[in-house]
Each structure stands twice: as C-alpha cells, then as structure tokens.
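This one's a predicted model, so the numbers in the text were calculated from it and none came from an experiment. Atoms within each ligand, like the ligands themselves, are counted from 1 in listed order.
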Amino acid sequence: MTRRIPVGVLLSGGGTNLQALIDACASPTHPAEIVLVLSNNADAYGLERARKAGIATAVVNHREYSDRVTFDAALQTVLEDAGVEIVCLAGFLRILTEGFVEAWRDRMLNIHPSLLPAYKGLETHQRALDDGVALHGCTVHLVRADLDSGPMLLQAEVPVLPEDDAATLATRVLYREHEIYPAALSLLASGRIKVEDEVAFIDGVPGPKRLTMAG
Ligand code: GAR
C-alpha cells in the first residue's frame with residue numbers, strides 16, 4: 001500500500017470542514033491521513049470531532065504567547081513532533097507570520113468562502129449580497145503570507161438567490177466547501193500539484209479548476 005501523507009489541521013471553531021476531511025480520509029483510497037488537529041482555542045468543537053474520530057489533538061493558546069513569532073514557533077514544534085507534512089487551515093482565526101507560511105510553502109492549504117480573488121477577508125457572504133453578484137462560492141488555495149492569497153487549486157460556484165441572506169448563502173457555500181477541500185487535499189497529497197510562477201498546475205493544467213453549478 002502506498003504511504004499516506006500525514007496531515008495536520010489547524011482550526012479555531014466548529015470544524016465542519018475538518019469533518020469533511022475526516023470523512024474523506026476515512027476512505028483507504030484517500031492519499032492523506034489526518035494525524036493531528038491543532039487549535040488555539042481549547043473550546044473549539046473541532047477538537048471534539050477529532051477525538052471522536054480517534055485523531056490526536058493539541059491546543060496552543062495564543063494568549064499564552066507574547067507575540068506571533070513565538071506562537072507560530074510553538075505551532076511549528078507541535079506539527080513537527082506529530083510528523084505533519086501537509087497543513088490544512090480550516091477556519092483557523094489567527095494571522096500566521098511570514099516565517100511560518102514560508103516553512104510550509106506549497107504544503108499548506110486554506111479554504112476561503114469566496115471565489116478568490118473576490119472578497120478576501122471577513123463577511124464574504126454579506127459583501128457578495130451587497131454587491132448584488134449572481135455567483136458566489138469558495139476556493140481552496142496554497143497559502144502565502146498575504147491574506148487569502150496564493151496559488152488556487154479548486155473553486156466551486158454557488159448561485160446567489162433573490163431571497164438569500166448571509167446565513168442562507170453561507171450554508172450553500174459551506175456545502176460546497178465540504179466537497180472541494182477533501183478533493184484539493186487529495187490532489188496535493190498525491191503529488192498532482194506543481195507550482196510555477198505562482199500558478200498551481202493540476203496534472204499539468206493551470207488552476208484553479210472551477211466546479212460550476214452544473215457539476
Ligand atoms: C469556513 O466557512 C471557512 O471557509 C472559513 O471559516 C469557516 C470555518 O467553518 N474560513 C475563512 O473565512 C478563512 N479566511 P468550519 O469551522 O465549520 O469548517
């Protein structure tokens with residue numbers, strides 16, 4: 001059997017994306033294995049999801065560190081000790097230092113609830129509604145030091161409906177996040193992603209691959 005790539009998931013909250021990753025990695029054909037779930041928040045429900053799945057957990061509380069550099073160094077130690085080779089950010093609400101991001105260059109994924117480069121940052125759904133866009137969605141990308149930037153792997157579109165509010169739109173987007181995050185992790189873990197001039201190529205085809213509403 002081929003070796004599965006050890007993955008660490010960083011989160012701060014409920015962890016529905018973690019759950020999608022856990023469920024996908026439960027398949028013996030998925031090339032990644034989650035070996036650690038790490039949170040800055042001891043109360044994150046995502047930690048409970050990990051325990052239920054028999055996955056090791058760790059808490060590194062940012063409040064116990066005087067600055068970002070020492071906090072990120074603590075994260076790095078825990079990840080290295082667990083043998084992590086790919087990091088997945090899944091609702092991790094801390095800004096990471098450039099040094100940490102560079103240490104995981106092309107080995108760290110993030111999921112963001114918009115069709116990047118549109119709507120970086122927070123409140124993506126409300127901002128999309130305010131702009132009256134017809135299409136919204138989500139993106140999985142390799143992480144760079146600038147907020148919500150980096151070579152994009154997969155995107156999924158959702159329609160914006162006339163009756164939507166931020167909550168209904170977020171629910172529809174989240175559903176698709178749970179499809180594309182495990183798929184993007186699978187691509188990266190199986191070595192099918194190559195980055196050239198800050199473009200991610202999937203099996204030689206420049207990304208991002210866009211999953212349309214049709215499928
Ligand atoms: C997800 O919607 C994810 O896209 C978003 O946080 C949520 C976490 O939900 N991430 C960002 O906004 C990152 N910029 P979850 O804890 O249920 O997976």
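With Arg172 contributing its side chain and Pro159 its backbone, the two residues share a donor-acceptor pair below 3.5 Å.
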Sequence neighbours left out, cut at 3.5 Å: what donor-acceptor pairs do the side chains of residues 87-98 make with other protein atoms?
{"from": "Arg94", "atom 1": "NH1", "to": "His62", "atom 2": "NE2", "distance (Å)": "3.3"}
{"from": "Thr97", "atom 1": "OG1", "to": "Asp72", "atom 2": "OD2", "distance (Å)": "2.6"}
{"from": "Thr97", "atom 1": "OG1", "to": "Phe100", "atom 2": "N", "distance (Å)": "3.4"}

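Applying the salt bridge (charged side-chain N to carboxylate O under 4.0 Å, His left out) criterion to Glu80, with sequence neighbours excluded, gives no partner residue. Listed by chain and number, the residues in a salt bridge (charged side-chain N to carboxylate O under 4.0 Å, His left out) with Asp23 amount to none (sequence neighbours excluded).
Contact record, Ala50 with Leu18: N-CD2, 4.3 Å, taken as the closest heavy-atom pair.
Within 4.0 Å of ligand 1, counting heavy atoms only, the contacting residues are Gly14, Gly15, Thr16, Asn17, Gly91, Ile111, His112, Pro113, Asp148, Leu174, Glu177.
His112 and His141 have their aromatic ring centers separated by at least 6.0 angstrom.
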